[in-house]
Amino acid sequence: MNSADPSGRHGRHGPGGLDRRHFLGVAAAGAAGIAVGTVAGCDTAGEDPAAAHPDRTDATATAPRSSGASDAEERARPGSPDWRIRSKGPPDAVLGYTDRVSVLPGEEFGLYVSTTAPGFRVSAYRVGWYGGAQARLVWRSGRIRGRAQRGPSLERATRTVRAGWRRTMAVDTDGWPEGAYLLRLDAENGHQRYVPLIVRSASGAGRTVLTHAPATWQAYNLWGGRSLYEGRGGAYATRSLAVGFDRPYDKNGAEKFLVYERAAVVLADRLGIPLAYTTGIDVHRGPEVLRGAAAAVSLGHDEYWTPEQRRHFTEARDAGTNLAFLGANTCFRRVRLEGGDGPVRTVVCYKTDYALDPYLAGHSSTATTDFRQPPAADPESSLTGVLYEGFPVDAPYVVHRPDHWVFAGAGARRGASFAHLVGVEYDRVTPDAPTPSPLEIVAHSPLVCAGRRSHADSAYYTTPGGAGVFSCGTMRWVEALMAGTRDNGRNHGLDTRTGAFVTRTTENVLRAFAQGPAARHRPAPRDNVREVYGRS
């Protein structure tokens, strides 16, 4: 399978080696009796400052933005086109992780690095438009002495993999603008890896809040041989029941961010709308960044949520914050966050084995299984308007309401089709599930998944508080923003026509939502669920 579609590697989800995203038919979703489909810089000659002071960083390559600079001033800065990795090399060539998922500007974080090279440097690139360069070098370390750190350890009760490395250095983010960052490790053996970091916003008031999904990144992370999907030999039965942030990410170090999030960050920055940055984990810890926000955006693969994160998003929606879900399978898994080498460093999700979770005995309403499953079933459709249905699928995206404002200027007519845009996972409107009303289906795409005919839907609804909510219904939406470019090419067969359509539609949504509660300045949704599905 194409490396830009990493979901497919987790083929074993349930007992007996069944596909991870298979249909299990129709199951009861709790006491309400709702029937829903269940699925599953430079060296100082002869000197190595880090050797004597391993937690100290030296030498900056660029002058950081002053804390008083505006968003417009940051956007006008020249970019750094050389931010991409040129060679990953062997798995142990160079890799690292941070001791914090996110930091506020000016806060310090620890960086943990292992490398077979004698030395390395760290470059911090902020992702944004930057005239098409798509990132800017904000900071670069001096040379740091390299060393290979120990192999992974395993916590047997939950099969949780941790690195347990010694901290290599402390990094001060003073002067770093808020944003999504790629820390690139450049080893002297010629190989490189990324480490993702969000420099988060304390407040999103009046801004569009981009919400990154590190809990989902970690769920799929196979560094050390285990993820929430598979363990020894790729078996579901030996998968981790909890995964920790105290380890590197596998592959290039930031695959999920690069595939499902980066292109949306670049587009939003290009539009010039006021932006704020956070993570689902930070929203879990408190709703402050969402208070007074014009909009909040869930990016392309945002599967793992805590009940607290969901509650804070729902409260923001009800207070008039627009929500955009630019992916599929959003808010599907209910998780719990626990400590590790620091606070909030572990994502717990027992899935089908939730009854084995000792925590459940006193917390029966927070079973770490799918949100739609009992006990305390609460399907995600009450928030998103759509329900996750299946995997794998590859189908055209078909426009149903071309006159809807989200498609303005996109050149779409009724029945217009965009090949391969629906995949690899999809959502649909499911009338029997708890669904907001009125709800307008704006795209209705026929497909076949695991031999069963169904549809993927894009949908829009509004709330009494004025918020608009848009769900695209396909996991390839953000990927399609890169269609025909050097970063994506013709991945999945997505072409430049599809890229232009998705780009214009996303621009429409982001611009409208940045203006405040969409119900106050955009046409109301025309409920057509019964028309499309033949029932109320």
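The basis for the numbers below is simple: all heavy atoms, side chains too, and nothing from hydrogens, waters or symmetry mates. As the structure is a prediction and not an experimental result, all values here were calculated from the model. Numbers here simply count residues along the sequence, with the first being 1.
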[X] and [Y]: side chain donor to acceptor below 3.5 Å:
X: Thr352; Y: Tyr236; answer: yes
X: Asp495; Y: Thr498; answer: yes
X: Thr506; Y: Trp477; answer: yes
X: Arg247; Y: Thr160; answer: no

Fit a plane to each ring of [X] and [Y], take the angle between them on a 0 to 90° scale, and name the class: parallel (under 30°), tilted (30 to 60°) or perpendicular (over 60°).
X: Phe257; Y: His212; answer: tilted
X: Tyr304; Y: Tyr229; answer: perpendicular
X: His404; Y: Phe407; answer: perpendicular

Before we go on, tell me: are the rings of [X] and [Y] under 6.0 Å apart, centre to centre?
X: Trp305; Y: Phe371; value: no
X: His492; Y: His420; value: no
X: Phe245; Y: Tyr97; value: no

Do any N or O atoms from the side chain of Thr216 and from the backbone of Glu303 form a donor-acceptor pair under 3.5 angstrom? yes

Can any side-chain N or O of Lys256 pair as donor or acceptor with the backbone N or O of Ala213 at less than 3.5 Å? no

For Pro358, the side chain to side chain contact (heavy atoms under 4.5 Å, CB included) test, sequence neighbours excluded, returns Tyr350

[X]/[Y] ion pair, N-O < 4.0 Å:
X: Glu380; Y: Arg310; answer: no
X: Asp378; Y: Arg334; answer: no
X: Glu440; Y: Arg522; answer: no

Can you run down the side chain to side chain donor-acceptor pair (under 3.5 Å) pairs that involve residues 458-467, sequence neighbours left out, and say none if there aren't any? Arg317-Tyr461, Tyr397-Ser458

